[in-house]
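Down below is the structure, laid out as structure tokens.
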Amino acid sequence: MTTSTQIQLASRPTGEPTPENFRTVQEELPELKPGEVRVQNAFISVDPYMRGRMNDAKSYIPPFQLDETMTGAAVGRVIESASDSLAEGDPVLHNFGWRDVAQASADQFTKVQDVPGQELSVYLGILGMTGLTAYAGLTRIGAFQEDDIVFVSGAAGAVGSAVGQIARLLGAKQVIGSAGSAEKVELLKSKYGFSDAFNYKDGPVRKQLRDAAPNGVDVYFDNVGGEHLEAAIDVLNRNGRAALCGAISQYNNTSREPGPDNMGNLVTKSLRLQGFIVGQHQDLQGEFIEKMSGWLTNGDIVFDETVVDGIDNAVQAFLDMMNGANTGKMVVRV
């Protein structure tokens with residue numbers, strides 16, 4: 001028998017999650033049925049959107065169920081197969097998430113290719129949902145055009161750092177980012193090629209953004225919400241666009257937060273604010289993979305990962321990510 005170590009949601013958090021909201025269980029996996037495969041995970045993904053799934057609330061994706069193993073993106077290799085479509089050793093991407101060994105019908109796993117010089121975790125980050133989120137949000141939702149000025153909040157995270165680099169490669173006039181430490185600000189400018197960046201903890205975002213963008217902003221990519229969104233509405237130029245990807249500053253709120261005080265700008269400057277979910281833009285996958293693969297091969301795009309070792313440390317990795325401890329994509333190496 002093979003044992004699978006899995007992380008379950010034991011109780012729904014109020015405010016910021018704690019380790020007590022989770023439990024680790026062991027499950028004995030049965031013999032494979034015809035058509036099934038068993039996969040040893042190499043990496044699992046922890047992402048901000050998972051915080052919303054811990055609430056019992058209707059959303060674009062069903063909430064995690066109590067006392068059930070949490071799902072999410074993971075990548076690994078087939079270690080046993082009773083399927084003609086997947087063989088032992090094949091690398092696969094799947095959504096069974098927080099476990100070290102996954103077992104199911106082969107059609108629930110997607111075969112991927114090893115990328116020379118890269119770990120399989122690349123499919124959880126820049127070549128996966130993270131990269132597609134950045135590309136779709138900037139090009140389709142933000143309707144990016146050459147010579148646009150772009151502002152990205154949470155720019156040192158996995159999505160934000162990708163947005164800034166894609167904007168630069170597509171011909172942005174200026175790319176501005178915000179981050180939560182001096183080290184991350186320096187990284188944005190020295191490694192990711194942002195034109196300007198600031199530490200949102202150094203003072204009011206409104207003032208810092210206005211100083212960084214004297215000519216305004218054409219596209220705002222929002223990962224943070226709250227004060228950042230309000231500041232962006234201040235400086236968006238006429239016909240400016242905001243792609244609303246996330247609002248991590250508000251995910252643990254237990255009371256309603258006041259909204260931006262400058263919504264009248266949407267009318268006077270003909271602004272467009274649009275939220276989006278990456279799953280609604282899978283038709284861009286082929287175009288995205290072609291471009292991103294070329295950029296990676298040529299060294300035009302770089303990325304960081306914050307890697308935490310061990311399935312038993314997955315919960316702490318998630319909690320740390322929610323508090324900004326990661327640079328780039330946070331993954332758990334199983």
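Checking E16 against N323 by side-chain atom types alone, a donor-acceptor pair falls below 3.5 Å.
Note that CD of Q145 and CG of D218 are 8.0 Å apart. Values are rounded to the nearest 0.5 Å. Note that CD1 of I141 and CG of L273 are 12.0 Å apart. Values are rounded to the nearest 0.5 Å. Distance CD1/I301 to CG/L296: 6.5 Å, rounded to 0.5 Å. Interatomic distance, D309 CG to R333 CZ, rounded to the nearest 0.5 Å: 4.0 Å. Here the straight-line distance linking atom CG of L138 with atom CZ of R241 works out to 9.5 Å at 0.5 Å rounding. The structure places CG of N199 at 7.0 Å from CD of Q208, a figure rounded to the nearest 0.5 Å.
Pairing each heavy atom of G310 with each of V332, the nearest pair is O-CG1, 3.3 Å. Closest non-hydrogen pair, R272 versus A143, comes out as NH2-CB, 4.0 Å. Of all heavy-atom pairs spanning P30 and Q103, the tightest one is O-NE2, 3.1 Å. Nearest approach of E230 to P260, heavy atoms of both residues: OE2-CA, 3.3 Å. For the residue pair K184 and A179, the shortest heavy atom distance occurs at CB-CB, 3.7 Å. Shortest non-hydrogen contact noted between G154 and N223 is O-ND2, 4.1 Å.
Distance alone, capped at 3.5 Å, is enough to place a donor-acceptor pair between the K269 side chain and the D234 backbone. The backbone N or O of P62 lies less than 3.5 Å from a partner atom in the side chain of R53, making a donor-acceptor pair. Listed for the Q165 side chain is a donor-acceptor partner under 3.5 Å among the backbone atoms of S161. For K191 (side chain) and E186 (main-chain N/O), no donor-acceptor pair under 3.5 Å exists by modelled atom type. The main-chain N or O of V101 is found under 3.5 Å from a side-chain atom of S4 such that the two form a donor-acceptor pair. Judged by distance alone, with hydrogens and angles left aside, the side-chain atoms of S178 form no donor-acceptor pair with the main-chain N or O of F198 at under 3.5 Å. Under a 3.5 Å cut-off, the side chain of T130 and the backbone N or O of I126 do not form any donor-acceptor pair. Using a distance-only test at 3.5 Å, with no hydrogens or angles considered, a donor-acceptor pair links the side chain of N237 to the main chain of N215. A side-chain donor-acceptor contact under 3.5 Å links D100 to the backbone of T5. Using a distance-only test at 3.5 Å, with no hydrogens or angles considered, no donor-acceptor pair links the side chain of S83 to the main chain of V37.
Counting only heavy atoms from C-beta outward, the side chains of L127 and V115 approach each other to under 4.5 Å. Between Y200 and H228 the shortest side-chain heavy-atom distance falls below 4.5 Å. Residues F22 and P17 have side chains in contact (heavy-atom distance under 4.5 Å, counting atoms from C-beta outward). Inter-residue side-chain proximity for W98 and V315 is flagged as met; some heavy-atom pair is nearer than 4.5 Å. By the 4.5 Å heavy-atom criterion applied to side chains, D67 and R23 are counted as neighbours. Residues V175 and L188 fail the side-chain proximity criterion, which asks for heavy atoms closer than 4.5 Å. Side-chain contact between C245 and T133 is present, with heavy atoms from C-beta onward closer than 4.5 Å. Inter-residue side-chain proximity for L244 and L229 is flagged as met; some heavy-atom pair is nearer than 4.5 Å.
Evaluation of the ring-ring contact (aromatic ring centres under 6.0 Å, His included) rule for F96 yields H94, F109 as partners, not counting sequence neighbours. Listed by chain and residue number, nothing satisfies the side chain to side chain donor-acceptor pair (under 3.5 Å) test with N95 (two or more places apart in sequence, or in another chain). For the side chain to side chain donor-acceptor pair (under 3.5 Å) test, residues two or more places apart in sequence or in another chain that qualify with E80 are R38. With sequence neighbours left out, D47 forms a side chain to side chain donor-acceptor pair (under 3.5 Å) with S45, K329. T69 meets the side-chain contact (heavy atoms from CB on, under 4.5 Å) test with Q6, Q8, R99; sequence neighbours excluded. Contacts of S11 classified as side chain to side chain donor-acceptor pair (under 3.5 Å), with partners at least two apart in sequence or in another chain: N21.
Heavy-atom neighbours of E290 CD from other residues, nucleotides or ligands within 6.0 Å: at or below the threshold of 12. Around the CD atom of E31, the shell of radius 6.0 Å holds no more than 12 heavy atoms that belong to other residues, nucleotides or ligands. For Q113, the CD atom counts as loosely surrounded, since its 6.0 Å shell holds 12 or fewer non-hydrogen atoms of other residues, nucleotides or ligands. No more than 12 heavy atoms of other residues, nucleotides or ligands lie within 6.0 Å of CG in D84, so this atom counts as exposed by the packing criterion.
A salt bridge links D114 with R77; the closest basic N to acidic carboxylate O contact falls under 4.0 Å. Using a 4.0 Å cut-off between charged side-chain N and carboxylate O, R206 and E227 make no salt bridge.
Linking ILVMFWY residues whenever their side-chain heavy atoms come closer than 4.5 Å, directly or via other members, leaves V25 and M70 in distinct clusters. The hydrophobic clustering, which links ILVMFWY residues whose side-chain heavy atoms are closer than 4.5 Å, places V75 and I44 together. Both V331 and V159 belong to a single network of hydrophobic side chains, linked directly or stepwise wherever heavy atoms of I, L, V, M, F, W or Y lie under 4.5 Å apart. Residues M292 and L93 fall within the same hydrophobic cluster, defined by Ile, Leu, Val, Met, Phe, Trp and Tyr side chains chained together at heavy-atom separations under 4.5 Å. Clustering ILVMFWY residues whenever any of their side-chain heavy atoms sit less than 4.5 angstrom apart, transitively, puts F221 in a cluster other than the one holding L236.
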> Can you list the steps and then say if N326 with D320 is a side-chain contact (heavy atoms from CB on, under 4.5 Å)?
Replying inline: CA-CA 7 Å; N326 58 303; D320 289 346; over 6 Å; no
>> As a quick check of understanding, evaluate side-chain contact (heavy atoms from CB on, under 4.5 Å) for I289 and Q285, giving each step before the final call.
In response: CA-CA 6 Å; I289 289 293; Q285 179 77 15; 3.5 Å; yes
> Given the rule in the side-chain contact (heavy atoms from CB on, under 4.5 Å) test, do D304 and Y192 qualify, once you have shown the distances and angles that lead to the verdict?
Replying inline: CA-CA 10 Å; D304 281 297; Y192 296 134; 2.4 Å; yes
>> Would I311 and T24 count as a side-chain contact (heavy atoms from CB on, under 4.5 Å) here? Give the steps.
In response: CA-CA 9 Å; I311 189 69; T24 302; over 6 Å; no
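The aromatic rings of Y135 and F288 are tilted relative to each other, their planes meeting at an angle between 30° and 60°.
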